[in-house]
J.: 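One structure coming up, written as structure tokens, with questions to follow.
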Protein chains: 2
Amino acid sequence: MDTGSMLSKIRKQLHDGGFKLTPQREATVLVLLENDKDHLSAEEIYMLVKQKSPDIGLATVYRTLEMLTELKVVDKISFNDGVSRYDMRKEGAQHFHHHLLCLECGGIEEVEEDLLVDVEKIIEKRFRFLVKDHRLTFHGVCSNCQNKKSS
Amino acid sequence: MDTGSMLSKIRKQLHDGGFKLTPQREATVLVLLENDKDHLSAEEIYMLVKQKSPDIGLATVYRTLEMLTELKVVDKISFNDGVSRYDMRKEGAQHFHHHLLCLECGGIEEVEEDLLVDVEKIIEKRFRFLVKDHRLTFHGVCSNCQNKKSS
DNA sequence: TTTTTTGCAAAGTCTTTGCATGGAT
DNA sequence: ATCCATGCAAAGACTTTGCAAAAAA
């Protein structure tokens, strides 16, 4: 799906939620679409948006991200470093994808397949807990850093 | 395992790491042991420790928690509310247990069984990622809140 | 006109750090 | 005497909020 149709889809999601896709919000969404492999913090997003719209304020970025999170356009996640990070929800994804956090280099890989289907069934049955979403992050050593260490 | 033997075990872990179990640290560890079903924030731990040792400072609690996290006596986790929470690592547990976060009442249940053994094997094989630990939280509705809503 | 959104600055919350004091080895 | 740990206050990092101005409906 190209950026244009992603954008109109998101515009519709905003309108359905009673919001407008202002130039500032559009610029923020574009940054998120263009960096969908990264896990940007609000500050990082702000810096990138500023290149397109130099007059935007940090508060607007925060407010836009809060709105996008409510609308489930983005998912908000924290990797225990005290910063919230934002990730575009993948097309058609019911649940948030998983993450592999490398303890050596700090890099983050994404795992898009949902590996938790069976686990969720167990949770729903055994705990009578109605699962809506999940956050799964593995901490470990990525293949790159394993190679570096062995050599 | 009773509190006393837990404490001597932790004392040993500290000594092995080159730290002393000072009265302030001991009071902090006791609060954690006594509240191992909760997921206390640093501030909450501070308030409880203050009842035992009124002269303790918040910074000492933060420094103690950082030390205990490094020694893997406790696990640090954030549930996307901007606060770090601390949880005693369960006796003999290789990995951090899972959490069920209720979106209605904010309550947190613990899931002690490790349901990720198979998933981790897939991750290790498919991504050549060496898994050391994990963070898994389900977002949803707990059984209590489901009952409330249907009635 | 009425409502929504924005930018800025200020305030708020959570956490870390500097430093002099105090305790332990 | 040296080293580590503590308490306090200050600073730092991240995020939210109040408000007047601007934009949109």
J.: Under a plain distance cut-off of 3.5 Å, with no hydrogens placed, do A/Asp114 and A/His97 share a side-chain donor-acceptor pair?
T.: no
J.: To the nearest angstrom, how far is A/Leu65 atom CG from D/dC14 atom P?
T.: 15 Å
J.: So if I define the base as every atom that isn't primed, P, OP1 or OP2, how would nucleotides 6-16 of chain C read as a B/S/- string at a heavy-atom cutoff under 4.0 Å?
T.: BBB-----SBB
J.: Has the side chain of B/Ser5 got a donor or acceptor atom that lies under 3.5 Å from a matching backbone atom of B/Asp2?
T.: yes
J.: What stem regions, each of at least 3 consecutive Watson-Crick or G-U pairs below 3.5 Å, can be found for DNA chain D?
T.: C:1-25 with D:1-25
J.: State, to 0.1 Å, how close A/His39 and A/Glu44 come at their nearest heavy-atom pair, and which atoms those are.
T.: O-OE1, 4.0 Å
J.: Do B/Thr64 side-chain atoms and B/Thr60 backbone N/O form a donor-acceptor pair below 3.5 Å?
T.: yes
J.: Answer yes or no: is there a side-chain heavy-atom contact under 4.5 Å between A/Val119 and B/Phe138?
T.: yes
J.: Rounded to whole Å, please give me the gap between CD1 in A/Ile45 and P in D/dT15.
T.: 10 Å
J.: If you look at every heavy atom in B/His98 and B/Leu115, which pair is closest and at what distance?
T.: NE2-N, 3.2 Å
J.: Do the side chains of A/Leu136 and B/Arg135 get nearer than 4.5 Å, heavy atoms only?
T.: no
J.: Please confirm whether B/His99 and B/Phe79 have ring centers closer than 6.0 angstrom.
T.: yes
J.: Would you mind reading off the distance between B/Asn80 atom CG and D/dT16 atom P, rounded to a whole angstrom?
T.: 12 Å
